Novice: 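The structure's right below; bear with me while I get my questions together.
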Amino acid sequence: MTIKAEIEMKKILIFICSAIALCATAQETVYPAREYKGLLFLKGGTVHVGNGQVVENATVKINNGKIEQVGQNLPIPADDVKVFDVTGKHVYPGLILPASALGLQEIGSGVRGSNDFIEIGDMNASVRAIAAYNADSKITNTLRSNGILLAHVAPQGAMLGGLSSVVQLDAWDYEDATYKADNGVHLYMPSLLAGAGGGRRAAFSAAQQQPSDPVKEALDRLEKVKEMLREAKAWNAGTTPKEDKNLKYASLKGLFDKSAKLYVRANQVKQMLVAIDFVKEFGFDVVIVGGMDAWQIADLLKANNISVIMSQMHNLPALDDDDVDQPYKSATALKKAGVLFCINDDDPQNRGRNLPFNAGTAAAYGLGKEEALQAITLNAAKILGIADRTGSIEVGKDANIVVSEGDILDMRSSKVTHAFIQGRTIELNDKHKQLFERYKYKYGIK
């Protein structure tokens, strides 16, 4: 090897070593917090309870991870207890992301190895999202930095996607993360509008094929789902022989005994009318996920006790004839009709981070700040079946709490300084903050 070749080889080796070192220093060193036993106090903050109440200059007493007292002038013992002085700051319940693929989809369709959110076939009722959940996702910590401490993780699919679960966002593995397992089955409603979606390419392809009725095909597929549910109902009731274990039927048991809900992914009015048929025939607890047109049939949803997980506020209207600000004010329409709803952030670019700011937009369009906060805390907890444990800062609930220097619904002032999950003090560093500090250093910005 010549001297020139040796020099070039050394340059390559130096470059490789530098790249490895860079990757090592850029990796997150954020570990799940250890369980905290004993008393912990948050003193002097403005407590937004999550049910519409606000308590000024309040103290929150936490004992072994549970909220024990909330009020003004609470005595704080002088012995060995943790006290966080949050005077001048705002104290909120931990925010809840009500529908996501967090921990199931990391990078997107471009890197298949990082994704485990969908199975082949139409009927995958027995698929469990929690079994595929990645507690080490780089996205998780970026959500915590915006006050989101719990998430509802759901599988995707062509029709019956499978079982979803609620996770807390400070865990070593999926078992540690599980907050409520298998709380719902997800039905992905096919379009019931002729020629809906697909764009010019789909229209061109359709023109090359034999004529078909997409609405009839969708209704036929839905009838197959109903047939499966009828069979599952009989199987779970013991009115059919059970020589063999049927995982699909067994996974649907929660729908019939009301321990799980049917989450129907639907945006069109016709789709939601079909969802009402599921309520009438099977008596399921149904939740609409998406619900862009839900405001049009709000009274009907209320009459059938159907809840709604709303798409993000920052969106264009569903139809050309809708008001341009319809997505912003749909939450107010559901509130006036008495529909139980919560707000989501389903933008694939945000990955849930803008959840509080979506609620802030709804607040600016008639909902009110405390009602908007409730839409991403207590309402979400009610819809997900975890309101007995979280969603508000009330006695007996888990200490899932966020502290912010400003209004958590306002991206201009929100700055989360403390977060607690079941009383554990959570690290708020993340990949975005590390990159921010890295490039501040590079360009000498203080």
Side-chain angles (χ1 to χ4, degrees), residues 41-42 44-63 65-74 86 89-98 146-152 166 168 179-180 183 285 287 302 305 307-310 331-344 355-404 406-410 414 416 418-423:
F41 292 85
L42 304 178
T46 298
V47 175
H48 302 259
V49 178
N51 60 5
Q53 299 179 357
V54 180
V55 185
E56 301 283 350
N57 191 27
T59 297
V60 181
K61 180 182 179 182
I62 300 167
N63 190 1
K66 296 284 187 179
I67 299 170
E68 193 168 272
Q69 281 183 286
V70 182
Q72 297 175 330
N73 303 317
L74 295 185
V86 294
K89 297 181 180 180
H90 296 267
V91 181
Y92 300 95
L95 309 186
I96 302 171
L97 185 65
N146 272 7
I148 302 162
L149 304 186
L150 292 102
H152 185 210
V166 180
Q168 55 89 4
Y179 203 78
K180 184 172 184 178
N183 69 317
D285 286 338
V287 178
K302 171 62 178 177
N305 198 31
S307 306
V308 180
I309 297 176
M310 301 185 64
T332 302
L334 294 182
K335 175 70 177 179
K336 289 180 179 178
V339 176
L340 177 62
F341 71 94
C342 64
I343 292 173
N344 194 29
L355 176 67
F357 311 136
N358 283 324
T361 298
Y365 279 79
L367 197 58
K369 283 195 175 180
E370 297 309 315
E371 291 175 337
L373 174 67
Q374 189 170 337
I376 53 176
T377 53
L378 186 57
N379 282 7
K382 289 178 179 178
I383 291 173
L384 301 180
I386 54 175
D388 59 328
R389 298 178 59 190
T390 191
S392 58
I393 304 177
E394 296 181 278
V395 174
K397 293 191 176 184
D398 289 343
N400 300 329
I401 296 174
V402 176
V403 179
S404 174
D407 183 353
I408 202 168
L409 305 183
D410 185 350
S414 175
V416 175
H418 301 82
F420 306 86
I421 297 180
Q422 296 170 316

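None of these values were measured; they are calculated from a predicted model.
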Novice: Considering non-hydrogen atoms only, spot the tightest contact between I62 and G423 and give its length.
Specialist: CG2-CA, 4.4 Å
Novice: Atom NZ of K336 and atom OG1 of T332: how far apart are they, to the nearest 0.5 Å?
Specialist: 6.5 Å
Novice: Quick one, N183 and L384 - any side-chain contact, counting heavy atoms below 4.5 Å?
Specialist: yes
Novice: Keeping S414 on the side-chain end and N146 on the backbone end, is there a donor-acceptor pair under 3.5 Å?
Specialist: no
Novice: Could you report the tightest heavy-atom contact between A58 and V47, atom names first, then the distance?
Specialist: CB-CG2, 3.6 Å
Novice: Quick check for you: to the nearest 0.5 Å, what is the distance between Q168 atom CD and Y179 atom OH?
Specialist: 8.5 Å
Novice: Could you report the tightest heavy-atom contact between T377 and I96, atom names first, then the distance?
Specialist: O-CD1, 3.4 Å
Novice: So which heavy atom on P356 is nearest to which on I376, and how close?
Specialist: CA-CD1, 3.9 Å
Novice: Measuring from atom CG of L409 to atom CG of L373, what distance do you get when rounded to the nearest 0.5 angstrom?
Specialist: 6.0 Å
Novice: Is the side chain of N379 donor-acceptor paired with the backbone N or O of C342 at a distance under 3.5 Å, no angle test?
Specialist: no
Novice: Within the distance-only criterion (no hydrogens, no angle test), does the side chain of N344 pair as donor or acceptor with the backbone N or O of M310 below 3.5 angstrom?
Specialist: no
Novice: If every non-hydrogen atom of V308 is compared with every non-hydrogen atom of I383, which pair is closest and at what distance?
Specialist: O-CD1, 3.8 Å
Novice: Working to the nearest 0.5 Å, report the span between CD of Q69 and CG of L74.
Specialist: 5.0 Å
Novice: Checking E394 now: which residues fulfil side-chain contact (heavy atoms from CB on, under 4.5 Å) with it, not counting sequence neighbours?
Specialist: V49, N51, S392, K397
Novice: So which atom in I343 and which in N358 form the shortest heavy-atom distance, rounded to 0.1 Å?
Specialist: CG2-CB, 3.9 Å
Novice: Any non-hydrogen side-chain atom of H90 less than 4.5 Å from a side-chain atom of I408?
Specialist: no
Novice: Could you check whether atom CG of N305 has more than 12 heavy atoms from other residues, nucleotides or ligands sitting under 6.0 Å from it?
Specialist: no
Novice: Which is it for L42 and T59 under the side chain to side chain contact (heavy atoms under 4.5 Å, CB included) test, yes or no, and what are the steps along the way?
Specialist: CA-CA 5 Å; L42 304 178; T59 297; over 6 Å; no
Novice: Verify, without hydrogens or angle tests, whether K180 (side chain) and G385 (backbone) share a donor-acceptor contact under 3.5 angstrom.
Specialist: yes
Novice: So with a 6.0 Å cut-off around NZ of K66, is the heavy-atom count from everything else above 12?
Specialist: yes
Novice: For the atom pair CG (L367) and NZ (K335), what is the distance rounded to the nearest 0.5 Å?
Specialist: 7.0 Å
Novice: Measuring from atom CD1 of I148 to atom CG of L355, what distance do you get when rounded to the nearest 0.5 angstrom?
Specialist: 4.5 Å
Novice: Taking the six-membered ring for Trp, are Y92 and H48 parallel (under 30°), tilted (30 to 60°) or perpendicular (over 60°)?
Specialist: parallel
Novice: Do any N or O atoms from the side chain of Q72 and from the backbone of V55 form a donor-acceptor pair under 3.5 angstrom?
Specialist: no
Novice: Determine whether V60 and V86 make a side-chain contact, defined as any pair of heavy atoms from C-beta on separated by less than 4.5 Å.
Specialist: no
